[in-house]
A.B. asks: 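Shown below is the structure under consideration.
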Amino acid sequence: MPEFAHLTFDAWPVLTALVFFPLAACLAVPLAGSDESARRWTLFASLVEVLLALPLFHFRLGYGGYQFVELVPWVPEWNLHYAMGVDGISLLLVLLTVLLLPLCVLCSWSYIRERVKEFHVCLLLMTSACLGVFVSLDIVLFYVFWEAMLVPMYLLIAVWGGPDKKYASIKFFLYTLAGSTLLLVAIVAMYLKAGTFFIPHLSEAGFPSGFQHWVFLCMAFAFAIKVPMFPFHTWLPAAHVEAPTAGSVLLASILLKMGTYGFLRFCLPMTPEGSLYFAPLMIGLSIASILYGGFIALGQSDMKKLIAYSSVAHMGFVTLGIFIFNLRGFEGAMMQMVNHGITTGALFMLVGCIYERSHSRQIVDNVGLGKYLPAYVFFFGLFSLSSLAYPGTNSFVGELLVLIGAFEHKVLYGFLAVPGALLAAAYMLRLLQKIVWGEPSKGKAWKDLNLREWVYFSPLAVLVIYIGLAPGLALRSMDPTLEQVLAAFKAKAGPRVEVVEVPGVPKEPITEEIPLVNETMGETP
Amino acid sequence: MIDNGFVHPALYFLALAFVLPFLRGEGWKWLLPVPALLAIWSVVHMKSGTYGVVNYLGLELTLGRVDPLSIVFAHVFAIQAGIGFIYALHVRDKAQHAAAALYVAGSFGCTFAGDYVTLFVFWELMSVASTFLVWLNRNPASTRAGFRYFLFHTLGGLALLAGLLLRYKAVGNFAFGPVAESSARLYDYLVLLGFCVNAAVVPLHAWLPDAYPEATVTGAVFMSAFTTKTAVYVLARGFAGYEVLAVMGTVMTLYGVFYATIENNARRILAYHIVSQVGYMVAGVGIGTQMTLNGACAHAYAHILYKGLLFMGAGCVLYAAGTAKLNELGGLASRIPLVMIGYMIGAVSISGFPLFNGFVSKTMTITGAAQAHHGILAILMEVAAVGTFLSVGIKLPYFAFWGGKETYTGTLRPVPWNMYLGMAIGGSLCFLQGIFPGILYRLLPFPVSYVPYTAWHVLQALLLLSFTGLGFYLLHKKLTPEAKINLDFDYFYRLAGRAVVFVARYPIEFVDNWWTEVYRRAGLRGMLGMGWLTSVFDKKGIDGVLDNTAYGVRHAGSIVTKIQTGRLQDYLAGMAVLALIAFVLYLYVF
């Protein structure tokens, strides 16, 4: 690849540092003298990680290609590269992952009492792997990180989990691995056809139509399990319920997004005709997820299971947004990804918070907290409202965009998706009512939130309100990339894609010149 | 909100309201007057201009429209906020302070709003926050009064909202500016209706004497200043010169004063009196000449100060004696003399005694009315001035502090020093503005050509007041307060309310009950049933397939392990059998 031959590491490698710093940190954590110092070191490392992510704020809005690109040949004979880059799709997910690490450390401070060092090592490994997934521009590198995040997650559930941890951890591991094997088949197949593992080149390779159908099925299977889409979702409630708080947060906020990220990054660019062919199936499964997840959540008495099933429903909105192939849908899907990460992460932290007091996840053991824990129910109320996509909160933006896109694509899809929002209101408000006002109150002897808990809820609360009221910046960061993806998709999938766009956010004019090749993937001079 | 050296004073109060719940310990009360001091400093240094223009959701909002009209109101709001917080220093209930701070912030927001959307947001903030000032008295009567207050203000807010939205549809923007009477349409009148609710224009005024006596001791001081004067400001901004306002304003002056004269509760007298005084302002706005607009602004300024002082005095009496009912009070002058002095300063100010600020402001409006050839209105306003002195200046203090049938013999709670300080500041400002009217006049929006201290004006005032005093002396038996309730326009509101409840109860509630039953039996049960069904399907169906597959594989594995017997002869025998089968298949099948 001549145009990348001269790219070197003379600039500070932002993404490599982000991905590999937690790995380096987890070599230091086992050397800590005590549990408390292990926690402190990990917290310190996570804050350093946040600092390392600050250069990402130089991301150029208005440019849709990859930025902060690092490209080094890995195995030249196989056209294998060590390639990393972020664009509008992955930027917000990377920032979300980096933000959540310190919050996970904080929320596990008093929750995890045994094998604390190993726990924090797992957290750091998870972060490293998740970041690697989002920034990889080489499909083998992506696959390495994809598989790499399975083991720490398995350990998180199997060692520090609830009563049924053995079952849940194995189920999670095998389920996801099964999907990943088919993903590997797809990768190898594409390599044999295109001769490269480099994602931007694979996106332009142009595979034959029948081939695309099969490859799409393989990849979609893996991603559908990860999302999770109905009917491949049953690992999620088991894993969420049994995982410790930090595990649930990572699972819900980040791991689930990898599936939908995979759809946007791989399925749509590399197998557009396959995506178009199977779109009705995927839309059907999405709507099924939305409604099915909503109904099951209504019938739950375990708080964590309820929130887990609500994740199924919310991610249904994301996949719906992706497979309707219009810009509003894509924007809604991306926003919903980020917002779901924030909101559901916060909800799991809330459940963890109250579990530390009541040692039970059953709703009946946690009722009537409004009188005694006002700060806690304030956050619970805020994040519940966000979960049901109340206007003014962040999830409203995502869901509204998806619904607008769905209605524009086909009115029927919109009509079928709307009851999902209704069901979300039903189960969240039911939960909220019991938690805040149930009688007799269980919260008499419990203390309200302490400073540490205030610290980890506040950034999420601020984000909920900020993105809810002023989503412009987030939308502007993702729009150019999404427009590029959509345009490429429309060009390759043929004239069968009819798109009617609803006027959206005024575009940010490109005031800067096309960026230098060193930093982004631009045209060669 | 911070733009080019302009800092919106509402920010200081919003910050206070936000920070208060997190402060612990004893010292937080000293933080209370700080936002007001900062606001005074900000207002004094303000220059005219348009600041704080933000683009939100495609709307262009103007948060800081500064011109002489808004400056004069902001000036007195800031001063009164300071006095009010000083008066409330002894209150330990942080919620009351937060509510007051939000209320003041709303008021500032409305004063500087350059567009209807910003105005509406801060208008509703004022509504909600002031409702809490009533509710935080925490007794059944104030809870009920708060609900009525909130309901009525919400109705007013809805009228405003309807008007501004219809106006947007017609005009295309949300800009808030003067509307000429000749081109006023329905939507302008709806906005006017919303403003008039807050200005307590008769017949929309009954919320004021209903809720203000039920507010907290310190809350009433705030409420007396902000809601009605903000309404006067917006009327002056948007609807100056409307004849209906001139007429209704004059009606208000007489109406309020009439009820004030016959009332028993001291704070209700003062509340009706607000209606009367605001009537002067509304009439001034309605007449619309430069002098009457000046008069309205000057009167608003002076009124905030002396009405605040009066409410502070009555509040001290209420605090000390536990009751504000005049028929239960009496003889307090010797026991709480400082309160009496503070009250009397307010009383003489409001009555228009020379040397106090009521004299330099009220007469400007009346003279302006006369000069604009609204002779009848001017005379009626003078009549109302008689009633003012009679009710607030003589009747209330006489029966509270001196004679009357009863003498209050109960114990008096000691009045905290900060309440005295608040009254002292208010009183001295009233006096200072009375002897140096220039301090007030230089803030007014239009050039002032009115000279208050002429022989004729002073003589007029003294004549009026002395004959009123004579009248009281002759009639004071008739004016003795008795514990009874006077019916006001709220009688008609209640009739309307009863009609609404009737419609709600009979046709609507019937349908609603039927639908709720349907919803509960079919809908809710159906939904929860679906929830249960899908849970079971998930567990038994999907998981059943998956888990059983997994267990099946494990089981199959455990069967297959039986092949591993460990004995070489078994393996050799197996290999021989398999080789034979393969050979046969190769020869005869393939």
Side-chain angles (χ1 to χ4, degrees), chain A residues 164 167-168 170-175 178 225 228-238 288-289 291-302 305-306 308-310 312-313 374-375 378 391-392 397 419 422-423 425-427 430 448-449 451 454 458 468-472 503-506, chain B residues 1 14 17-25 54-61 63 93-95 98 117-118 120-121 124-125 128 516 519-520 522-557:
Chain A
D164 216 2
Y167 167 77
I170 290 273
K171 191 169 186 181
F172 160 76
F173 190 80
L174 286 180
Y175 228 129
I225 291 179
M229 289 175 83
F230 173 87
F232 310 115
H233 64 282
T234 48
W235 62 269
L236 186 72
S289 300
L291 298 175
Y292 186 83
F295 274 120
I296 299 193
L298 258 185
Q300 294 306 315
S301 61
D302 179 329
K305 227 170 186 172
L306 192 151
Y309 279 115
S310 80
V312 175
F378 162 68
V397 179
L422 243 175
L423 287 167
Y427 58 71
R430 217 165 136 260
D448 205 353
L449 300 181
L451 178 64
W454 270 99
S458 307
L469 294 176
V505 186
Chain B
M1 278 176 137
L14 287 172
F18 185 69
V19 158
L20 263 182
F22 298 101
L23 299 175
R24 302 250 177 277
V54 295
N55 215 311
Y56 185 66
L57 294 181
L59 299 170
E60 195 174 276
L61 304 177
L63 289 170
D93 185 3
K94 278 193 222 153
V117 176
T118 315
F120 181 73
V121 169
E124 291 300 305
L125 179 63
V128 173
T516 305
Y519 167 79
R520 211 157 50 84
L524 196 61
R525 217 169 273 174
M527 216 162 63
L528 290 175
M530 268 297 279
W532 174 83
L533 217 81
T534 45
S535 293
V536 167
F537 174 72
D538 207 57
K539 210 164 171 176
K540 300 254 160 58
I542 302 183
D543 263 351
V545 166
L546 279 168
D547 289 353
N548 285 326
T549 314
Y551 294 139
V553 168
R554 198 173 65 181
H555 189 62

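Values below: every heavy atom of this structure, side chains too, minus hydrogens, waters and symmetry copies. Just so you know, these numbers come straight off a predicted model, no measurement behind them. We name chains A, B, ... by the order of the sequence lines, and we start the count at 1 in each one.
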A.B. asks: Would a 4.5 Å heavy-atom cut-off, applied to side chains only, mark W532(B) and F295(A) as touching?
C.D. replies: no

A.B. asks: Between D538(B), V536(B), L528(B), which has the largest tally of heavy atom pairs under 4.5 Å with chain A?
C.D. replies: D538(B)

A.B. asks: Side chain, backbone, both or neither: which part of K305(A) has a heavy atom under 4.5 Å from chain B?
C.D. replies: neither

A.B. asks: If you round to the nearest 0.5 Å, how far is OG1 of T234(A) from CG of L546(B)?
C.D. replies: 4.5 Å

A.B. asks: Distance check, rounded to the nearest 0.5 Å: Y292(A) atom OH versus M530(B) atom CE?
C.D. replies: 9.5 Å

A.B. asks: So, Y309(A) side chain and S535(B) main chain: donor-acceptor pair closer than 3.5 Å or not?
C.D. replies: no

A.B. asks: Need one label for L423(A): side chain, backbone, both or neither, based on atoms under 4.5 Å from any heavy atom in chain B.
C.D. replies: side chain

A.B. asks: Counting C-beta onward and ignoring hydrogens, is there a side-chain heavy-atom pair between F232(A) and I542(B) closer than 4.5 Å?
C.D. replies: no

A.B. asks: With chain B as the partner, which of L469(A), L298(A), I296(A) has the greatest number of non-hydrogen pairs under 4.5 Å?
C.D. replies: I296(A)

A.B. asks: Y56(B) versus chain A, heavy atoms under 4.5 Å apart: side chain, backbone, both or neither?
C.D. replies: side chain

A.B. asks: Of the backbone (N, CA, C, O) and the side chain (C-beta and beyond), which part of A426(A) lies under 4.5 Å from a heavy atom of chain B, both, or neither?
C.D. replies: side chain

